[in-house]
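So the structure is just underneath, and the comments pick up after that.
All ligand and atom numbering here is 1-based and tracks the order in the structure. Hydrogens, waters and symmetry mates are skipped; everything else that's a heavy atom, side chains included, is used.
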Amino acid sequence: MSTTTPEIRIPADLLPADGRFCCGPSKVRPEAVAALAAEADEYLGTSHRKPTVQFMVSRLRNAVAEMFALPDGYEVLLGNGGTTAFWDALSFGAIDDRSHHLVFGEFSGKFAEVTRSAPHLGEPSTAKAEPGSAPALAAVAGADAYCLTHNETSTGVAVTPSRPEGADEGALVLVDATSAAGGLRFDAADTDVYYFAPQKCFASDGGLWLAACSPAAIERIERIAASDRWAPASLDLGIALENSRKDQTYNTPALATIFLAVQQAEWVNQNGGLGFAAGRCAESARTVYEWADAAEHATPFVTDPDLRSQVVATIDLVDDVDATLVAAVLRANGILDTESYRKLGRNQLRFALFPAIDAADVAALTQCVDHVVAELRSA
Ligand SMILES: *Cc1c(COP(=O)(O)O)cnc(C)c1O
């Protein structure tokens with residue numbers, strides 16, 4: 001398909017101050033980048049086994065614990081490979097035999113596929129829902145791990161993590177919070193492993209995973225690590241636990257990623273914590289959904305307002321307006337990455353509403369969309 005992008009210039013006074021609306025990697029605050037540049041000479045290019053970097057890792061682990069108000073005994077683990085590698089790590093080191101998955105989009109589906117194809121695990125069960133909605137969480141006899149996604153980035157559906165009533169004794173709740181962590185409220189006591197990568201709400205870069213683990217999860221990790229189940233060392237959660245406790249990773253991490261994540265987490269904590277971050281996202285969400293509800297040419301894709309994500313907005317456009325063209329015109333005007341999730345295949349725009357993004361910029365974005373739609377129609 002070769003459509004040329006129409007020459008539409010958005011008036012400068014409509015444009016957002018910052019044009020980054022990607023759902024990951026997402027906008028990094030300029031203040032964080034400046035802080036990195038200021039400390040680069042003593043930090044970048046130094047050993048991750050020495051105090052300077054270890055102190056940065058400890059700041060990150062502490063800031064995450066503070067932001068999530070982790071109950072006593074919870075520990076923050078980290079390692080390399082991002083969320084996708086962490087799914088493999090969970091399959092080796094946190095699931096005993098059978099997992100149960102809520103599947104309602106691309107990412108939740110991928111994790112279910114990881115456990116389904118793992119030869120050392122039993123057949124997982126799944127509860128599925130169509131994109132744009134979410135399945136109910138119900139206990140399944142024999143399941144030792146419940147796998148939920150706090151925010152389905154591919155569809156813009158968010159659910160509240162919870163423990164299934166009547167689950168087997170000792171079953172763990174594993175929450176993929178990659179695009180939710182640091183932007184949506186939750187109760188850590190309702191989760192055993194709340195994991196994410198920092199290129200979304202944490203306004204950093206990719207390649208790292210972080211996981212807030214309950215005492216029950218730590219016990220499970222230690223028991224499996226001591227068993228005769230084989231795990232590749234880079235995905236071994238027992239090894240990750242040992243290294244995390246020393247404020248290190250098993251192999252070399254990206255130092256800039258850790259630094260930028262600390263900047264974001266401490267910025268959030270200094271301004272009031274998770275409530276502050278979630279409040280910023282909620283304001284952006286109100287702006288975008290009120291606009292889409294009112295606009296003749298736009299509709300929120302997620303019909304149930306309770307499921308509408310406050311960190312990722314998915315907005316359908318009417319048939320006579322090609323969302324691909326709108327996103328291309330926005331891109332040509334410096335407003336980036338508003339395309340919908342490729343595999344969803346809808347006439348849709350998708351915007352990140354992460355805490356680093358200003359609600360005023362989201363408001364400006366909606367006006368830019370209105371402008372582009374009007375211009376395309378009058379062409
Ligand atoms: C982005 C994302 C992932 C993938 O993260 P990587 O760090 O790229 O592996 C997984 N799950 C969710 C919910 C995501 O938003």
Side-chain angles (χ1 to χ4, degrees), residues 20-28 60 64 77-92 94 99 101-115 126 128-129 131-135 145-161 173-184 186 191 193-212 234-235 240 249 253-254 256-258 260-261 264 281 302 307-314 337 339-344 350-357:
R20 289 174 289 178
F21 295 97
C22 183
C23 292
S26 68
K27 178 185 168 189
V28 179
L60 181 54
V64 167
L77 275 53
L78 76 169
N80 286 315
T83 296
T84 302
F86 192 68
W87 287 329
D88 293 323
L90 285 172
S91 84
F92 279 112
S99 48
H101 299 256
L102 299 192
V103 175
F104 52 111
E106 180 70 14
F107 294 108
S108 43
K110 274 188 172 163
F111 185 27
E113 184 51 31
V114 165
T115 60
T126 55
K128 285 200 175 115
S133 63
Y146 288 83
C147 306
L148 332 173
T149 305
H150 195 171
N151 183 73
E152 218 348 307
T153 322
S154 62
T155 62
V157 168
V159 301
T160 304
V173 175
L174 317 178
V175 180
D176 177 355
T178 306
S179 59
L184 296 183
F186 77 108
T191 71
V193 182
Y194 187 82
Y195 61 93
F196 61 100
Q199 72 273 24
K200 298 183 185 181
C201 289
F202 268 69
S204 179
D205 218 334
L208 195 73
W209 59 258
L210 291 128
S234 65
L235 298 172
T249 49
T257 301
I258 291 168
L260 294 172
Q264 177 71 6
C281 300
V302 179
L307 292 178
R308 270 178 209 163
S309 170
Q310 306 209 321
V311 283
V312 171
T314 45
D337 307 317
E339 291 86 1
S340 74
Y341 193 76
R342 53 200 146 74
K343 289 189 198 156
L344 205 56
R350 182 177 64 151
F351 316 135
L353 311 172
F354 298 150
I357 294 168

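A distance of 11.5 Å separates OG1 of T257 from CG of L78, quoted to the nearest 0.5 Å. With values rounded to the nearest 0.5 angstrom, F86 atom CZ is found 7.0 Å from L77 atom CG.
At a heavy-atom cutoff of 4.0 Å, ligand 1 is contacted by no atom of E152, backbone or side chain. Heavy atoms of D176 found under 4.0 angstrom from ligand 1 belong exclusively to the side chain.
Ring-plane geometry between F107 and W87 is classed as tilted, the angle between the planes lying from 30 to 60 degrees on a 0 to 90 degree scale. Between F186 and H150, the ring planes lie perpendicular to each other; the angle is over 60°, past the 30° to 60° tilted range.
Of the N or O atoms in T149, none lie within a sub-3.5 Å distance of an N or O in ligand 1. For ligand 1, the polar-atom distance check finds no N/O of N151 at less than 3.5 Å from any of the ligand's N/O atoms.
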Test side chain to side chain donor-acceptor pair (under 3.5 Å) on S204 and Q264; report intermediate values, then the result. CA-CA 8 Å; S204 179; Q264 177 71 6; over 6 Å; no

How far apart are the C-alpha atoms of V157 and F104, what are their side-chain angles, what is the distance that settles it, and do they pass the side-chain contact (heavy atoms from CB on, under 4.5 Å) test? CA-CA 8 Å; V157 168; F104 52 111; 3.8 Å; yes

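Ligand 1 has no atom lying under 4.0 Å from any heavy atom of K110. The shell of residues lying under 4.0 angstrom from ligand 1, judged by heavy atoms, includes W87. Not close to ligand 1: H150, with no non-hydrogen atom less than 4.0 angstrom away.
S26 places no side-chain N or O within donor-acceptor distance of the main-chain N or O of C23, the cut-off being under 3.5 Å. Between the R350 side chain and the T153 main chain, a donor and an acceptor come within less than 3.5 Å of each other. Side-chain atoms of T155 do not come within 3.5 Å of backbone N or O of G105 as any donor-acceptor pair. A donor-acceptor pair is defined here as one N or O able to donate and one able to accept, closer than 3.5 Å; no such pair exists between the side chain of K200 and the backbone of T178.
Shortest contact from atom 9 (O) of ligand 1 to any protein heavy atom: T84 OG1, 2.5 Å. Nearest to atom 1 (C) of ligand 1 among the protein's heavy atoms is K200 NZ, 1.3 Å. The nearest protein atom to atom 5 (O) of ligand 1, hydrogens excluded, is given as T83 CB, 3.5 Å; this is a heavy-atom distance. For atom 4 (C) of ligand 1, the closest non-hydrogen atom on the protein side is F107 CE2, 3.8 Å. Nearest protein neighbour of atom 8 (O) of ligand 1, counting heavy atoms only, is Q199 NE2, 3.6 Å.
Heavy-atom contacts of G82 reach the following atoms of ligand 1: 7 (O) (cutoff under 4.0 Å). Near A197, meaning under 4.0 Å from one of its heavy atoms, ligand 1 places the atoms 7 (O). Those atoms of ligand 1 with a heavy atom of T153 less than 4.0 angstrom away are 12 (C), 13 (C), 14 (C), 15 (O).
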